Amino acid sequence: EEENDLMATELSKRIANNTPDQKTLDRRLAVKDRMKEIFDLRKDQFRSALGTAFTPDFFLGFMRAAVSGNEQLQECFESAAGTASIYAAAMKCAQLRLIPNTDLGQIYLIGYRDNKQGGIMTCQAQIGRSGWVALVMRNPGFIEMVDAVAVYENDTFEHDLPHGIVTHVRGKERARDRNGAPIVKAAYAFIRWKSGGYTYEVLEREDLERSRARSKGNSFGWKDFPDRMAQRSALVRLLKVWGSATANADVVQALLTDDGEGDAPPILTTETDGTPVNSETGEIVDAAYTDEEPPPPEAPQPPATKKEKNA
């Protein structure tokens with residue numbers, strides 16, 4: 001009997017601890033109303049963007065689930081700009097026909113606090129590795145296969161990129177850090193062409209560390225899923241150069257509008273401290289940074305003649 005009383009007391013405590021306060025309940029009600037406003041009342045716009053890929057109800061069900069399970073995304077609805085960013089992110093997912101925030105890993109809705117707009121929470125849609133692969137393979141053009149692979153600490157890995165040679169042998173055991181996350185020492189992405197042969201892009205440990213150090217926006221991903229983040233980074237780097245070979249408008253649109261990849265410099269947004277970041281990768285970048293090649297040096301001028309010197 002005493003044991004039953006203790007169990008009842010413990011259950012009551014757990015229920016009390018899991019019961020949301022009034023502020024949380026009010027936020028959830030407000031979010032529900034705002035989601036109805038931007039999703040249900042604009043269903044025709046989503047139907048047009050989705051085409052025949054999904055029905056609006058199917059797609060918007062995933063959007064509601066993503067928002068309902070994420071407090072940062074819910075906070076976006078507390079401002080007009082934040083609400084607009086949720087709509088823009090949802091529309092981007094619809095236009096690319098990618099499902100957000102699922103185990104498929106196609107595209108993620110990420111909340112960012114923008115101090116340039118008074119510290120409000122805003123949302124961005126960031127394409128994951130499997131999302132990039134899905135986009136490419138819809139209309140692959142000259143590409144037969146595209147993917148990215150993480151190289152772990154105990155793997156044997158060598159590459160000769162000028163000759164298109166990559167040798168990768170998995171180790172018997174996968175090394176992990178003290179938090180249980182796999183230790184990644186490199187990553188590579190590859191394209192297998194229909195005409196034969198491969199094209200590779202390799203990110204060494206120092207490249208990954210540099211990306212991770214600049215990626216406050218994706219610090220959670222780099223901490224818990226470093227292999228997935230490394231794969232995606234290598235894949236995006238590869239598609240910057242070869243994405244146009246797909247003859248796929250979705251890939252080109254994603255590269256140009258999602259993260260400014262290609263010949264254009266990255267699209268800059270702001271992180272929690274107002275630092276400019278890449279809108280796809282969440283990587284903090286120098287405000288003067290650009291992916292464009294530096295201009296060629298000026299051609300040397302011939303020496304001046306005596307007449308020109310005296311002029």
Side-chain angles (χ1 to χ4, degrees), residues 66 89 92-93 96-112 123-138 140 143 145-152 155 157 159 166 168 174 181-192 198-243 246 248 250-262 266-267 269 271 277-285 291:
K92 176 179 175 179
C93 295
L96 295 176
R97 299 182 297 285
L98 298 175
I99 299 298
N101 292 33
T102 69
D103 291 338
L104 295 175
Q106 292 187 339
I107 194 166
Y108 301 95
L109 303 180
I110 309 294
Y112 291 96
C123 174
Q124 294 176 1
Q126 300 181 357
I127 303 173
R129 164 188 159 271
S130 62
W132 285 112
V133 172
L135 290 175
V136 171
M137 299 312 295
R138 285 175 185 169
I143 296 175
M145 180 181 179
V146 61
D147 207 347
V149 182
V151 181
Y152 299 100
D155 294 356
F157 181 64
H159 61 84
V166 169
H168 182 198
R174 184 171 297 178
I183 300 176
V184 179
K185 66 178 181 181
Y188 61 95
F190 66 89
I191 291 173
R192 185 168 69 201
Y198 289 76
T199 296
Y200 294 93
E201 182 68 39
V202 175
L203 297 184
E204 299 283 5
R205 189 192 300 272
E206 54 268 26
D207 300 316
L208 298 177
E209 290 299 327
R210 191 179 302 114
S211 294
R212 178 171 184 164
R214 300 185 318 195
S215 298
K216 284 187 179 179
N218 278 333
S219 58
F220 173 80
W222 278 106
K223 178 181 177 182
D224 292 346
F225 307 103
D227 44 358
R228 298 183 189 179
M229 298 295 292
Q231 290 169 348
R232 185 193 54 76
S233 296
L235 188 57
V236 171
R237 183 82 66 88
L238 179 68
L239 291 177
K240 286 171 57 178
V241 179
W242 296 103
T246 65
N248 187 327
D250 287 339
V251 174
V252 175
Q253 175 191 355
L255 287 170
L256 291 177
T257 63
D258 189 273
D259 60 348
E261 302 288 354
I267 299 172
T269 57
E271 240 287 27
V277 300
N278 186 297
S279 61
E280 150 63 14
T281 64
E283 294 178 355
I284 296 177
V285 297
D291 278 341

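No experiment lies behind these values; they were computed from the predicted model shown.
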Between Trp222 and Leu208, is any pair of side-chain heavy atoms under 4.5 Å apart? yes
Distance in Å, Arg210 CZ paired with Glu204 CD, rounded so as to fall on 0.5 Å steps: 11.0 Å
Closest heavy-atom pair, Lys185 versus Tyr152, reported as atoms and distance to 0.1 Å, is CE-O, 3.4 Å
To the nearest 0.5 Å, what is the distance between OG1 (Thr102) and OH (Tyr108)? 7.5 Å
Minimum heavy-atom separation for Ala134 and Leu98, please, with both atom names. CB-CD2, 4.5 Å
Scanning both residues in full, the closest heavy-atom pair of Asp155 with His168 reads OD2-NE2, 2.9 Å
How many angstroms lie between atom CD of Glu201 and atom CG of Asp207, to the nearest 0.5 angstrom? 8.5 Å
Can you check whether Pro140 reaches Val146 side chain to side chain, under 4.5 Å on heavy atoms? no
How long is the straight-line distance from CE of Met137 back to OG of Ser130, given to the nearest 0.5 Å? 13.5 Å
Do the rings of His159 and Phe157 sit parallel, tilted or perpendicular, given the 30° and 60° boundaries? tilted
Would the distance check show the side chain of Asp250 and the main-chain N or O of Leu135 forming a donor-acceptor pair, the cut-off being under 3.5 Å? no
Closest contact, heavy atoms only, Gln231 versus Ala148: O-CB, 3.2 Å
Would you say CZ of Arg228 has more than 12 non-hydrogen atoms from neighbouring residues, nucleotides or ligands within 6.0 angstrom? no
d(Leu238 CG, Ile191 CD1) to nearest 0.5 Å is 4.0 Å
Flag side-chain contact, heavy atom, 4.5 Å: Asp147 against Arg129: yes
For the CZ atom of Phe190 and the CG atom of Leu235, what is their distance to the nearest 0.5 Å? 9.5 Å
Return yes if some donor-acceptor pair links the side-chain N/O of Gln106 with the main-chain N/O of Ile99 below 3.5 Å, else return no. yes
Which heavy-atom pair separates Ala89 from Cys123 by the least distance, and what is that distance? CB-SG, 3.7 Å
Mind listing the closest non-hydrogen atom pair of Arg138 and Arg97 along with its distance? NH2-O, 2.8 Å
